[in-house]
Amino acid sequence: MNITRSQELFNHACTLMPGGVNSPVRAFNAVGRNPLFIDHAKGDRITDVDGNEFIDYVCSWGPGILGHAYPRVIEAVQRACTDGLTYGAPTAKESQLAEIIISKVPGVEMVRLVNSGTEAVMSAVRAARGYTGRDLIIKFTGCYHGHSDGLLVKSGSGLITNAIPDSAGVPKAYTDCTLVARYNDADSVRELFERYPDRIAALVVEPVAANMGVVPPKEGFLEFLRQITQDNGTVLIFDEVITGFRLGISGAAGYYNIMPDMVTMGKIIGGGMPLAAYGGKKDIMKTVSPIGSVYQAGTLSGNPIAVTAGLETLHALLEDESIYDRIDKKAAKIETALKSTGKVVVNRVGSLLSAFFTDNEVVDYDTAATSDTAAYAQYFGYMLENGIYIAPSQFEAMFVSDAHSEEDIQKTVEVIKAYK
Ligand SMILES: *Cc1c(COP(=O)(O)O)cnc(C)c1O
């Protein structure tokens, strides 16, 4: 594989940006390579600047549920651009997007649009604190909720990959209000509620963890979280930045039939543009400025182009909900192929899956961390050489989209089965 041009661009980028990238996992550090620079993408294929084409299972880390350059989204965005890129004033389309979210996402009665998942979770936590008048929050080891100070504690993905337990530059005082429990471990949660009665504002959880690799909730775990938060007057926040509109139109909350108090979304709802959202019960959302005392704002929030991309994406999903069945079946084929290698443990929920190079069942951060990351790096290299682009980290999901053709799924299955 010729990667000369990528290499040149990367060397240059490294003189301009930390690690040559604008988000750490893109740097391929965990797989001992340098990143490919992308020229364009269409459907399920992504092409680098040297003309190498790959079947893409990163899908921009989740947004690409319809595949790249989906015609309906691109056309609508092109039309919207001619009317101006941003006004800093409300538009009718923002309400259309809000209406879809409110009508489809359990627990969301009011919503606020923001620019990134990081912002969405940070703002949801602030609203929950404002609403309850309490300071403490609970998160889980290995769950990632963006890079805001208070949530950058025992997070997944880039932090596991880069072996940074916490980030430098975060004052200890900022994380003193963050309590950490073990995913899928009810006792670890119960202990915190016993130790800090009436002090916990919010419990934030990825209802399907997907930033330590994919780790599904054990049966009864989400029900338990719903019950204990309700009993303690704590706001239950589902961070559905990955799972929202991916596990179904109603996200993980719908998939597992649990009603959270607040939900954060991102990735898919922006249709490939920078857009995210947080929402929840009216009582909680009414604490947000300008009608409440919890301040949160954004110059480009609800940007008309991003909203257009999100709206068209959600319309496409709403008009053909059988998409979810299709992507589930395709992911199941890949799961079967991975299992047949006898080298990995596979976790899958719908179109999200991870192959862990370990013998252990993976149920939380500690078991995910038993994975042989060198073995993953080797597998990554093999896949890339065979035209398949997967996440350059053991601790990320593989994303299947509606654009993955049966032919490309079959090709992927054959490449996986031939892995020695
Ligand atoms: C990606 C992600 C975030 C952060 O979203 P950004 O848009 O990258 O800031 C937050 N929570 C979860 C669960 C995510 O997967």
Side-chain angles (χ1 to χ4, degrees), residues 21-27 58-65 105 112-126 128 137-162 167 178 183 202-217 222 225 236-247 251-253 255 260 262-279 296 298 300-303 306 309-310 313 349-354 365 368 391-393 395-399:
V21 291
N22 284 309
S23 195
V25 183
R26 292 181 200 171
V58 178
C59 293
S60 188
W61 308 93
I65 192 166
V105 181
R112 174 62 64 82
L113 304 182
V114 295
N115 303 291
S116 71
T118 296
E119 238 187 292
V121 187
M122 178 184 82
S123 308
V125 166
R126 186 177 298 159
I137 60 166
I138 296 177
K139 79 173 287 289
F140 293 91
T141 304
C143 282
Y144 179 66
H145 304 293
H147 65 275
S148 69
D149 286 332
L151 289 162
L152 216 46
V153 182
K154 306 214 181 217
S155 301
S157 116
L159 297 145
I160 302 177
T161 297
N162 295 330
S167 170
T178 307
Y183 199 76
L203 180 149
V204 54
V205 63
E206 290 183 75
V208 173
N211 284 287
M212 48 179 156
V214 174
V215 180
L222 296 177
L225 296 180
L236 176 63
I237 304 173
F238 272 9
D239 181 353
E240 298 227 34
V241 171
I242 282 187
T243 52
F245 293 95
R246 165 138 320 254
L247 297 186
Y255 193 92
M262 296 190 85
V263 178
T264 57
M265 288 149 278
K267 300 190 170 118
I268 288 176
I269 65 162
M273 298 285 282
L275 189 150
Y278 68 101
Q296 184 268 309
L300 292 174
S301 289
N303 172 267
T313 301
V349 181
S351 59
L352 290 172
L353 72 161
S354 287
Y365 173 79
S393 161
F395 305 108
E396 299 285 353
M398 191 171 183
F399 294 91

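Order of appearance sets the numbers: ligands from 1, and atoms from 1 within every ligand. In this text the structure is predicted, and so the values were computed from the model without any measurement.
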Checklist entry - Any side-chain donor-acceptor pair under 3.5 Å between Gln296 and Arg126? => result no
Item to check | Side-chain touch Ile242/Val208, heavy atoms, less than 4.5 angstrom | outcome: no
Checklist entry - Phe399 versus Arg246: any side-chain heavy-atom pair under 4.5 Å? => result yes
Next on the checklist: To the closest 0.5 Å, what do you measure between CE (Met122) and OG1 (Thr264)?
Outcome noted: 12.5 Å
Checklist outcome for this item: Distance col, row Lys139:NZ vs Thr141:OG1, nearest 0.5 angstrom, shows 6.5 Å
When you pair each N or O of ligand 1 with protein N or O atoms, which pairs come out under 3.5 Å?
| unit_1 | atom_1 | unit_2 | atom_2 | d |
| --- | --- | --- | --- | --- |
| ligand 1 | 5 (O) | Gly117 | N | 3.4 |
| ligand 1 | 7 (O) | Gly117 | N | 2.8 |
| ligand 1 | 9 (O) | Gly117 | N | 3.4 |
| ligand 1 | 9 (O) | Thr118 | N | 2.8 |
| ligand 1 | 9 (O) | Thr118 | OG1 | 2.6 |
| ligand 1 | 11 (N) | Tyr144 | O | 3.3 |
| ligand 1 | 11 (N) | Asp239 | OD1 | 3.4 |
| ligand 1 | 11 (N) | Asp239 | OD2 | 2.7 |
| ligand 1 | 15 (O) | Asn211 | ND2 | 3.1 |
| ligand 1 | 15 (O) | Lys267 | NZ | 2.7 |

Checklist entry - With a 4.5 Å heavy-atom cut-off, do Leu222 and Phe238 have their side chains touching? => result yes
